[in-house]
Protein chains: 4
Amino acid sequence: MPSKVRKVSKEAVPARSARLTRGRAAPRKGAKEKWAERRAARREAILAAALDEFAERGFEGARLDDVARRAGIAKGTIYLYFADKETLFQELIRSALSPFVATIEAARSIDLPLRVVCDRLAGAFAREVLGTRRKDIVRLMISEGRRFPKIAKFYYEEVPKRAFAAVRALVRKGIERGEIVDDTLEKFPQLIISPALVAVVWDGLFDKYEPLDAEALLRAHFTLLFKAIERRTP
Amino acid sequence: MPSKVRKVSKEAVPARSARLTRGRAAPRKGAKEKWAERRAARREAILAAALDEFAERGFEGARLDDVARRAGIAKGTIYLYFADKETLFQELIRSALSPFVATIEAARSIDLPLRVVCDRLAGAFAREVLGTRRKDIVRLMISEGRRFPKIAKFYYEEVPKRAFAAVRALVRKGIERGEIVDDTLEKFPQLIISPALVAVVWDGLFDKYEPLDAEALLRAHFTLLFKAIERRTP
Amino acid sequence: MPSKVRKVSKEAVPARSARLTRGRAAPRKGAKEKWAERRAARREAILAAALDEFAERGFEGARLDDVARRAGIAKGTIYLYFADKETLFQELIRSALSPFVATIEAARSIDLPLRVVCDRLAGAFAREVLGTRRKDIVRLMISEGRRFPKIAKFYYEEVPKRAFAAVRALVRKGIERGEIVDDTLEKFPQLIISPALVAVVWDGLFDKYEPLDAEALLRAHFTLLFKAIERRTP
Amino acid sequence: MPSKVRKVSKEAVPARSARLTRGRAAPRKGAKEKWAERRAARREAILAAALDEFAERGFEGARLDDVARRAGIAKGTIYLYFADKETLFQELIRSALSPFVATIEAARSIDLPLRVVCDRLAGAFAREVLGTRRKDIVRLMISEGRRFPKIAKFYYEEVPKRAFAAVRALVRKGIERGEIVDDTLEKFPQLIISPALVAVVWDGLFDKYEPLDAEALLRAHFTLLFKAIERRTP
DNA sequence: CATGAATGAGAATTCATTCAT
DNA sequence: CATGAATGAATTCTCATTCAT
């Protein structure tokens, strides 16, 4: 994947900052801010269009022409926001991760029984990932990750590593509180989210042949799981 | 990586001579058979090379030029065996399915406790899928399935559908025998294989950052699972 | 033969600027118009180059690479103007038809003796077809028409059908006026143009071995023809 | 058209000779003769198949694979009879010319009124050219001749030149005999055959849109022509 | 900043020709 | 002689990227 010599895109202000900025007490927005907002909005539009196209066609299959058309801009404009196709792809993955991870880590500090926390996470996952384009990001990661080791690494650091750290902390707390008696999940935190992965993959491939109620699947999963690990009241 | 060594098999005999030969005192192996063998071997070589390339680069990213080089043949030769790139891809998936599915269904007729059958399947999966190129097929299916609805459908019919039917049969038998008391797995057979999917995906993306002992994962999974569903002896 | 000189026309102005400009004190020529002109010029250049190549090598034999080189543009540029090779070919034929047909039909309304009209048509044909690249179009039609039934049909409707309708009208008028006494040409209008076809074919194939004075041929043809069909003054 | 270094095809005995040979008093044909016949037959089969394919698709468009299939032989076999595709094409034209030309020249020595001879030739042309695959040869010549100057030259020498020499001789004889009074046809012998060319072209391109009775066309042509050139009996 | 025409490297596919059997 | 698998040059078409306006 030889990265040819080329202009490095002048990174625009990320959308989130833009949104955060909006709230400020700035009655007649300065021209500069207006500009930044406009830039940010355009960036978002490109990313949204890119997600559609990448999700539909994969990295190689997607055409920047289509991304541009979908975003309602000219093809060349993309290059004012992203250095090249690969960068666009990576930014896409990146931009979609932060909020996702945030939700996961928030669970860490909730002070409720593990079982309840898990059910809430199941709901959150169904709502915020499976119910949105975010699931396409996960799928894209699965599909194209191998060809982008850098981004796979980044993703690893940002998603599973942090999520699993949170899971481990939760499990430890559950054991200390006497809620559960089994530490398997500390060793294999994957076991807690594996049906979620199945749900994402199934949704992309087989849903039209046999629909899957993802939330029910996750709930059934937790029911079984907790039957296995909860302290048995005699 | 491209193996330049070209097999110059000289054992081929043209069909017509073969036909003429047929009347004679049967040689060790009919020339026709040898010929067919050669053809089959070449087909296999192309499929193997294709698997490498597709797994590495995805469908769009793989170049038939590289497939040919890897198979030690000329570019044009591929077209003597497969109509086009897409067909090659589909045949690749297809060709890897039959043996896979067979293994899955064999479990149906094993007359042992469910727990034992599951452990065996875990081992078989680790050995025959994760330990071979077959895992790449699964990954390819996940990655590219969306763009090949026809093949996704085929895959659905051949793998999950049949596998889940087998799982359901096993579960029912387990219940009837009084081995287990829970029918969740009948409703969501996905729950039995979800860690296997995680293992495949993890292996492709994150293994270099954090190796995963897939077999241990599967075993832990089954341990928990059976804790949850087995009849509890008081 | 490839003319490497590349027209680096710098007169183009992007559409948006043009739009902004529109309100101003109208410049010599709207940028938009200039732009359209440039596009049209390029299209013409491609068609001209294509005619050269197709005429020289036939449809299959012509390489778009050469067409591009001859037009002084890049290979890919052709595809900005024509969907594919076949479309380019068809547009080529089409584009050359309108003026040709116009000339033919104009004869219909000329109010002169048939003999005079015919002589004029002979001259026009020699000048406007045989003397230009238009003869190559006719030859291409003859050569490749069979493989492009759609375009053959179109050509039939636009050229021979209309031309023959005009001829029939002229002949009828000639009979009514008492100029001629024979209606064979109404039944076989082909007889009026057949030497023209010979001239086109001869020019393409045998002219270097034995030059043919096409106009003289046509005039001789009409001389004989009118000897046969004119009212004989005793 | 670079002719690469390659084996020169060992020219087989032409079909006609073969056929002529058959009549001989050779009771048990010698093995050699049998062989030659076989070779000749195969050569003919290839040429026939080639005519079909070339006529249908043009020189570049025709595939030797199809020629072989149509001839019922293997692709490689063609190369045992013809050096390459171009040679095959040229031989095809050549092989079809001799009988054609022969017919034309025979007319020279017929001792009948010119008018009668012409009518006979019209019939012969309709029957032996338009009614057979020979018309495809003419069409091929028109279509591809430009790209094969050598064969165009050959064709010129063999067909129009000889045919026109014959026509001129006939005309001269007609004048000497007092049958006709006009020597235009001596100068432009093309005028005698031009409707025939129209018939060939029309047949290939427009016949399905508007059928043309070629023989009637030719007869009408001669009727007009002779009205123009015959001595007028007052 | 934005545009979109132009570029040209690159990929899939075809097919004339060769050659081992 | 005949075969047909194999070859690889050649060709069409695509699309990421550049750049003049």
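Numbers restart at 1 for each chain; the letters A, B, ... are given by sequence-line order, proteins then strands. Not measured: the values here are computed from a predicted model. Values below: every heavy atom of this structure, side chains too, minus hydrogens, waters and symmetry copies.
The interatomic distance linking B/Arg38 (CZ) with E/dA20 (P) rounds to 12 Å, in whole Å. Here F/dT14 presents its P atom at 13 Å from CD of B/Glu60, a figure rounded to the nearest Å. The CD1-P distance, from B/Ile78 to E/dC15, rounds to 17 Å in whole Å. Distance A/Leu88 CG to F/dC15 C1': 15 Å, rounded to the nearest Å.
Across all strands, B/Ala62 comes closer than 4.0 Å only to sugar-phosphate atoms, never to a base (heavy-atom distances). Contacts of C/Lys75 with the nucleic acid, taken as non-hydrogen atoms under 4.0 Å apart, include base atoms. Using a 4.0 Å heavy-atom cutoff across all strands shown, B/Phe82 reaches no nucleic acid atom at all.
Both B/Tyr79 and C/Tyr81 lie close to DNA chain E; mapped to their nearest nucleotides by heavy-atom distance, the more 5′-ward contact belongs to C/Tyr81. A residue-by-residue look at A/Gly61 and B/Leu80 shows that B/Leu80 has its nearest nucleotide of DNA chain F further toward the 5' end. Nearest-nucleotide positions on DNA chain E place C/Thr77 closer to the 5' end than the other of C/Thr77 and B/Phe59.
Here the side chain of B/Thr77 pairs no donor or acceptor atom with the backbone of B/Ile73 at under 3.5 angstrom.
Ion pairing of A/Arg63 with A/Glu53 is absent here, as no side-chain N (NZ or NE/NH1/NH2) approaches a carboxylate O to less than 4.0 Å. Checked for salt-bridge contact, A/Arg57 and B/Glu60 miss the test: no charged N lies under 4.0 Å from a carboxylate O. Under a 4.0 Å N-O distance rule, the pair D/Arg147/C/Glu56 does not qualify as a salt bridge.
Relative to the side chain of A/Ala74, the nucleotides F/dT12, E/dG4, E/dT13 differ in distance, and E/dG4 lies closest.
Phosphate proximity of E/dA2 to A/Arg42: present, with a side-chain N or O under 4.0 Å from OP1 or OP2. Dashed line: the shortest gap from a side-chain N or O of D/Arg43 to OP1 or OP2 of F/dC1 is not under 4.0 Å. Using a 4.0 Å cut-off, no side-chain N or O of D/Arg57 falls inside it from OP1 or OP2 of E/dC15.
With a 6.0 Å cutoff to the six-membered ring centre and a 45° limit on the axis angle, C/Arg39 counts as a cation-pi contact of C/Tyr81.
In this structure, CG in D/Leu51 is found 5.0 Å from CG in D/Leu92, a value given to the nearest 0.5 Å.
Using N1 to N3 plus N6-O4 or O6-N4 for Watson-Crick, or N1-O2 and O6-N3 for G-U wobble, each under 3.5 Å, F/dT3 pairs with E/dA20.
Between C/Phe59 and C/Lys85 there is a side-chain heavy-atom pair separated by less than 4.5 Å.
Contacts between residues 63-73 of chain A and DNA chain F, counted as heavy-atom distances below 4.0 Å, involve A/Arg63, A/Leu64.
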